[in-house]
Each structure stands twice: as C-alpha cells, then as structure tokens.
Asker: 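Below is a structure I'd like to ask you about.
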Amino acid sequence: MKSLATYLAALLFTVSSASGLAHPQVEHLIEAQKHQGEGFLDAIYWLPETQKVFRRHLLDREQWLGFEPERWRSVPDATKSAMFSELGETLEALDGAKLDETWKRIQDWQSIRTQLALFVTAMDSDEAFLNLAFQDAALRSAFDAIIAKRPADFDNKHIGGTFTSGELVGFRAHLTAHILSMTATKRHECYSRIYARIAAH
C-alpha cells in the first residue's frame, strides 16, 4: 500500500488536475489529516456534519464500532480519495460562518478527546474515570441512555464497571459530543472540577 505521504500527494494532484483549480476545502482536509492524523479522522467519523459522507464510503461500515485506525489503513486509496473529494464538496457548499463553525467543532472534538484520554490516564482506568465523571452535574445527563439499560435497583455510583466494550466505544463519542455542546467556559469549569476530584482521590 502507498505511504500516507504518497497517497495524500496523489490525492491533492488529482483534485487539482481535475478542476484546473485546487478545491480549498479538499486541500484543507488533506493537510489536516497529514498533520493531525487519527484524531482528525476520529472527529470526521463521529461529527454529524461529516459522518454521513465518511461512513458512506466504508463498505464494511456496519462492522466499525467507531473510528478504527487499523480498518482505515486497509481502506483502498481510491475509496479514501472519493471520500475526501465528496467531503470537500460538502464543506465548500457551506456559507462562511457555518464553515468556520464546522472546522472549529472538528478542532474542539480532538481537544476534548485528548482531555478525556488524560483523565482516564490520571485515573488509571476507564471505569474509575466514568464513575468520577458520573458525579459531575454537568456530565450526569450524558449517562441517561446507559442507565436506562441497567436494572432499576442498580447502584449508579458504580456505573463505570458495567460498560461492555461496544458500549464504551459509543459512550466515549457520546460524552465527547455532550462536552462539545457546552460553552467553552462551562467546558473548562467542568475540567477544573474533574481535576480537583482526581487530585482528591
């Protein structure tokens, strides 16, 4: 399989040659993937603004639990090229304000994912972090769908230990989206509370 650099260069050349002019959003997507890697693709896979295009090009999409780097590496170059081209066209159709907002959400998604990974590392496990996150009033409602699947007499303070592997993948994305919906101020206040709880452990 071609190296990532070769693939990206070929895609950019194809896009530029086909139109006579490079499509700015396709170029932006290519550059973002080149510099941001898997975090960027994770955001593209999950965000509502981009996920339909991304997943439509995955022939085995029903088997993907989330963005899976190993599966992505096995996707044919032609499929990747088609996905980026269509996604670029989708972004180009947005007006300026909506386009800027979409790119900001992509960046924020990656930032939140990184922050959550740091929390998990600090707590030594997903289970411990989720139990702690459930205690935060700003995050508790994110657990509603999971709690609805648990027995009525289940002690929710131990919710982190009940996730199946499949539930955990989806919930990480759901929690990321939940935090993304907050204002920047509320988000950082939430982070501060979690760090304080981690420090108190």
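Note that these values count all heavy atoms, side chains included, but never hydrogens, waters or copies made by symmetry. All residue numbers in this chain count up from 1 along the given sequence.
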Asker: Less than 3.5 Å apart, any donor N or O on the side chain of Y195 or Q115 sitting next to an acceptor on the other?
Answerer: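 Q115 and Y195 do have a side-chain donor-acceptor pair below 3.5 Å.
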Asker: Walk me through whether E101 and K104 qualify under salt bridge (charged side-chain N to carboxylate O under 4.0 Å, His left out).
Answerer: CA-CA 5 Å; E101 179 187 346; K104 180 66 165 57; over 6 Å; no
Asker: Quick check: does any side chain N or O of N131 sit under 3.5 Å from a backbone N or O of I159, one acting as donor and the other as acceptor?
Answerer: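 Here the side-chain-to-backbone pair exists.
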Asker: Taking only residues at least two apart or on different chains, which pairs with a member in residues 142-169 satisfy ring pair (Phe, Tyr, Trp, His ring centres under 6.0 Å)?
Answerer: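 Output for this query lists F134-F143, F143-F171, F163-F171.
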Asker: I need the minimum non-hydrogen distance between E92 and Q25, along with the two atoms involved.
Answerer: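 It is OE2-N, 3.1 Å.
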Asker: What pair of heavy atoms forms the shortest contact from Q33 to L41, and how long is it?
Answerer: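 That would be NE2-CD1, 3.7 Å.
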Asker: Less than 4.0 Å between a side-chain N and a carboxylate O, is that true for E68 and R73?
Answerer: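 Answer for the salt bridge query: no.
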Asker: Is the gap between the ring centers of Y45 and W109 under 6.0 Å?
Answerer: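 No, too far apart.
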Asker: So, for E86 and H57, which heavy atoms are closest and what is the spacing to 0.1 Å?
Answerer: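 Scanning both residues, the minimum pair turns out to be OE1-NE2, 2.6 Å.
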Asker: Kindly indicate whether the side chain of H178, heavy atoms from C-beta on, has any atom under 4.5 Å from the side chain of L139.
Answerer: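 Yes, close enough: below the 4.5 Å cut-off.
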Asker: Return yes if a side-chain donor-acceptor contact under 3.5 Å exists between W103 and E49, otherwise no.
Answerer: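 Note: W103 and E49 side chains miss the donor-acceptor criterion.
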Asker: Does L47 reach the side chain of T102, with side-chain heavy atoms less than 4.5 Å apart?
Answerer: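 In short, these two side chains do not touch, never coming nearer than 4.5 Å.
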Asker: Are side-chain heavy atoms of R197 and D136 found at a separation under 4.5 Å?
Answerer: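 Counting from C-beta outward, R197 and D136 do come under 4.5 Å.
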Asker: Heavy atoms only: give me the nearest R172-L116 pair and the separation to one decimal.
Answerer: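 Shortest heavy-atom contact: O-CD1, 4.4 Å.
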Asker: Using the test side chain to side chain donor-acceptor pair (under 3.5 Å), find all partners of R55 that sit at least two apart in sequence or belong to another chain.
Answerer: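 Scan of R55 (side chain to side chain donor-acceptor pair (under 3.5 Å), adjacent residues dropped) gives none.
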